[in-house]
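Structure record follows, encoded as structure tokens.
All of these numbers come straight from a predicted model, not from anything done at the bench.
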Amino acid sequence: MKIDIASVYNAASAPVKGTKKFAELVEQRANGTIKVNVFPNGQLGSEREPVVLAWAWISLIALHLMKNVQ
């Protein structure tokens with residue numbers, strides 16, 4: 001599994017440093033089955049784009065789960 005985390009903050013900022021530590025701990029505890037990629041400096045767009053993408057994924061997952069409910 002791969003998780004991408006976007007941030008508009010620079011790589012030296014506290015939020016990004018914390019996110020990188022989170023990524024490190026997740027990867028360790030998942031024994032390599034989860035890879036977390038951190039993208040600082042707005043590499044994936046403004047603050048709005050990641051939120052829109054997240055809602056799109058959540059909607060797709062919800063629709064998939066609802067399809068399987070009888």
Side-chain angles (χ1 to χ4, degrees):
M1 176 185 295
K2 182 180 89 164
I3 300 171
D4 292 338
I5 302 177
S7 177
V8 295
Y9 299 106
N10 70 52
S13 69
V16 174
K17 286 181 180 179
T19 304
K20 287 181 178 180
K21 183 64 176 178
F22 167 80
E24 177 186 322
L25 293 172
V26 167
E27 290 176 10
Q28 281 178 351
R29 293 181 183 175
N31 296 321
T33 60
I34 299 173
K35 172 69 176 149
V36 180
N37 299 306
V38 180
F39 295 93
N41 301 317
Q43 291 177 20
L44 298 183
S46 69
E47 289 178 323
R48 184 178 184 279
E49 280 115 355
V51 172
V52 170
L53 289 172
W55 276 111
W57 275 109
I58 291 168
S59 298
L60 288 172
I61 292 167
L63 287 171
H64 176 73
L65 293 173
M66 290 173 58
K67 179 179 85 173
N68 294 323
V69 174
Q70 296 192 22

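Here the straight-line distance linking atom CG of L63 with atom CD1 of I58 works out to 12.0 Å at 0.5 Å rounding. Atom CD1 of I3 and atom CZ of F22 lie 6.0 Å apart (nearest 0.5 Å). Atom CG of N37 sits about 7.5 Å away from atom CD of E27, to the nearest 0.5 Å. Taken to the nearest 0.5 Å, the NZ atom of K20 stands 12.0 Å off from the CD1 atom of I5.
Considering every non-hydrogen atom in both Y9 and V16, the closest pair reads O-CG2, 3.7 Å. When all heavy atoms of V38 and P40 are compared, the closest pair comes out as O-CD, 3.4 Å.
Partners of E24 by side-chain hydrogen bond (donor to acceptor under 3.5 Å, both in side chains), not counting sequence neighbours, listed by chain and number: K21.
A donor-acceptor pair shorter than 3.5 Å cannot be found between the side chains of N10 and N41.
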